[in-house]
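What you are looking at is a predicted structure, and each value in this text was computed from that prediction instead of being measured. For ligands, and for the atoms within them, numbers begin at 1 and follow the listed sequence.
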Amino acid sequence: MKEIKIESTIYVFDSLEELPKEVILLMNKAIEAREKAYAPYSNFSVGAALLLDNNEIITGSNQENASYPSGLCAERTAIYYANSQYPNNKIVRMAITAGSKKNKTTDPIPPCGACRQAIAEYEVKQESPIEIYFMGEIGKIAKSDSLANLLPFIFDKSVL
Ligand code: THU
C-alpha cells in the first residue's frame, strides 16, 4: 500500500487593494459581468473574466434556464467563448466573483467541480498554468497559481 498525500496552496488576500493593478482591473470586469448574470431561479449571480496572452479580456456570467440543467456557469460561459474566438491564445488568469441575493457573500466562493474540469482542459491544452482569483461579492479574495491546485487527480486526455 502506498499513501499519496496531495498538497495545494491557496493564497487569501483581505481586500482587492492588496492585489496588483491588472488583477484589480480583471476582477472589476468580473464584477461587471456578474451584474449581467441571468439567474432568475437561483438568485445567485456569478461573473468571470479571463485575460488572454493577446491582452484581450473575455467575460461571462451564469445563464440559467427554466429547464435547470440547461443553464451554464459563468466560468464555462467565458472559457468556451474564449477558446471558440481565440483558439490559439493562452489564458493567463481568470477572476471570478459570486454573490447571492439573499446575503452579501464575503468569503471567497470557489468554482464548481464542472467548471474546474472545464478550466483544467484548457490548462492542459495550453501547457501553462492559469492563475485563478475568486471572491464572493465583497471581502476576501483567494488565489490559486494554477487550476491544478483546485483539482488534484485530474482526469485529462492523457488517459484516453
Ligand atoms: N454557478 C456558476 O456560475 N459558477 C460556479 O462555479 C458555481 C455555480 C451558477 C450556476 C447557477 O446559475 C447558480 O450559480 C447557482 O448554482
Side-chain angles (χ1 to χ4, degrees), residues 6 8-16 19 23-52 56-86 89-126 128-157:
I6 300 175
S8 279
T9 304
I10 306 285
Y11 306 94
V12 181
F13 301 86
D14 283 333
S15 75
L16 268 179
L19 296 166
V23 177
I24 299 175
L25 190 142
L26 195 67
M27 190 56 88
N28 282 332
K29 294 280 181 195
I31 292 168
E32 278 173 31
R34 191 191 70 219
E35 283 158 4
K36 294 185 195 144
Y38 176 62
Y41 304 107
S42 71
N43 287 316
F44 188 83
S45 298
V46 186
L50 307 177
L51 174 70
L52 304 183
E56 198 72 41
I57 290 178
I58 305 292
T59 61
S61 57
N62 52 327
Q63 298 297 311
E64 296 188 349
N65 193 283
S67 170
Y68 295 176
S70 300
L72 194 64
C73 290
E75 296 88 328
R76 279 176 286 160
T77 302
I79 209 163
Y80 290 153
Y81 182 79
N83 198 61
S84 45
Q85 293 300 310
Y86 302 96
N89 288 98
K90 293 188 179 191
I91 300 162
V92 178
R93 71 175 63 93
M94 186 162 189
I96 305 161
T97 165
S100 160
K101 272 208 181 136
K102 278 180 248 146
N103 51 326
K104 254 207 169 25
T105 27
T106 53
D107 282 326
I109 298 180
C112 77
C115 288
R116 293 182 207 195
Q117 182 68 32
I119 301 165
E121 179 70 24
Y122 298 105
E123 187 166 278
V124 171
K125 171 181 177 267
Q126 71 182 33
S128 64
I130 299 173
E131 281 180 10
I132 320 245
Y133 289 86
F134 52 93
M135 66 182 294
E137 212 171 326
I138 51 169
K140 292 189 168 51
I141 303 101
K143 179 199 179 192
S144 172
D145 286 334
S146 159
L147 188 277
N149 283 323
L150 300 178
L151 191 64
F153 265 125
I154 184 187
F155 177 90
D156 69 13
K157 62 181 180 179

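Donor-acceptor pairing under 3.5 Å is lacking for the side chains of Thr97 and Glu137. In this model, a donor atom of one side chain and an acceptor atom of the other lie less than 3.5 Å apart for Ser146 and Glu123.
The side-chain hydrogen bond (donor to acceptor under 3.5 Å, both in side chains) contacts involving residues 71-83 comprise Asn83-Lys125, where partners must be two or more places apart or lie in separate chains.
For ligand 1, the protein residues within 4.0 angstrom (heavy atoms only) are Ser42, Phe44, Val46, Asn62, Glu64, Cys73, Ala74, Glu75, Pro111, Cys112.
At distances below 3.5 Å, at least one donor-acceptor pair connects side-chain atoms of Glu64 with backbone N or O atoms of Ser42.
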Apply side chain to side chain donor-acceptor pair (under 3.5 Å) to Arg34 and Ser61, showing your working. CA-CA 6 Å; Arg34 191 191 70 219; Ser61 57; over 6 Å; no
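Side-chain contact between Leu50 and Ile57: absent, with no pair of heavy atoms (C-beta onward) separated by less than 4.5 Å.
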